[in-house]
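Okay, structure first, notes after.
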Amino acid sequence: MNLPIYQIIHIKSAQLEDIAALLHEDLNLRRPVAYVLKTLNLDEQREVIGVIGNWFETHQASWRYPYPVFIVSDYSDAIANMPIFSEVAHLPRFYNQKDVKVTVKETQILERNRLLQQEIKNADGHLMAEVVQEYGINHKKIWYLVKEASFYEYLLKKLRAKEGTNG
């Protein structure tokens, strides 16, 4: 069983058949994927980014779940819904781990994760994105309320300290 570390795929040709061979339903089921387009010229990079984005749309697959799909290109995020990075070294560090032999306990956890990933893969990606976004908004509201409460506690503490010295 593999740990969820990056699967780096170097795309050397902008031919539709070559790109189609790299895209399949279980692409991001077991690990995050990074497509590196640096060997292509700018026009080909733009075209490949569009093809990859269209593939996810037409197959109603999610590039976010269960693991994300990234693109390493000379273009910026503005031309695609997927995150685009300028270098492989700039990819999120969360998945930058060494590929090591896993213990029995870790293997059991990874097997359980695989079953959960199957459930995620069978879920509707767009609905999932909405749920996660709403969940994030609620957490942000909680964070602001906690920050405000902390500020009021700080004020109250200062007032009581000042009252104690005058009192």
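Every heavy atom of this structure was used, including side-chain atoms; hydrogens, water molecules and symmetry mates were not.
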Less than 4.5 Å apart, side chain to side chain, heavy atoms only: is that true for I109 and R112?
no
To the nearest 0.5 Å, what is the distance between CD (Q15) and CD (E47)?
8.5 Å
4.5 Å side-chain heavy-atom contact, L91 and Y6
yes
Side chain to side chain, F85 and P92, heavy atoms closer than 4.5 Å:
yes
Side chain proximity check, N96 to I5, heavy atoms < 4.5 angstrom
no
Do I11 and D18 have side chains that get closer than 4.5 Å, going by heavy atoms?
no
Using modelled atom types only, decide if a donor and an acceptor are shared between the side chain of E44 and the backbone of A14 within a distance under 3.5 Å.
no
Would you kindly confirm whether I137 and L145 end up in one hydrophobic cluster when ILVMFWY residues are joined by side chain heavy atoms under 4.5 Å apart?
no
Determine whether F56 and L27 make a side-chain contact, defined as any pair of heavy atoms from C-beta on separated by less than 4.5 Å.
yes
With side chains defined as the heavy atoms from C-beta onward, is the minimum distance between I52 and Y35 less than 4.5 Å?
yes
Going only through I, L, V, M, F, W and Y residues with side-chain contacts under 4.5 Å, is there a path from Y152 to Y144?
no
OG-CG distance between S62 and N28, expressed to the nearest 0.5 angstrom
7.0 Å
Between W55 and H59: side-chain donor-acceptor atoms closer than 3.5 Å
yes
Is there a donor-acceptor pair closer than 3.5 Å between any side-chain N or O of Q45 and the backbone N or O of L37?
yes
One pair to check against side chain to side chain contact (heavy atoms under 4.5 Å, CB included): K141 and N138. What are the steps and the verdict?
CA-CA 5 Å; K141 288 178 185 176; N138 289 336; 4.3 Å; yes
Could you work out, with salt bridge (Lys or Arg N to Asp or Glu O under 4.0 Å) as the rule, every residue matching K38, not counting sequence neighbours?
D74, E87
Note, M82 side chain near V69 side chain (heavy atom, < 4.5 Å)
yes
Under 3.5 Å, side chain of T107 to main-chain N/O of T103, donor-acceptor pair present?
yes
I would like to know whether I9 and V36 meet side chain to side chain contact (heavy atoms under 4.5 Å, CB included); could you show each step before the answer?
CA-CA 6 Å; I9 299 173; V36 180; over 6 Å; no
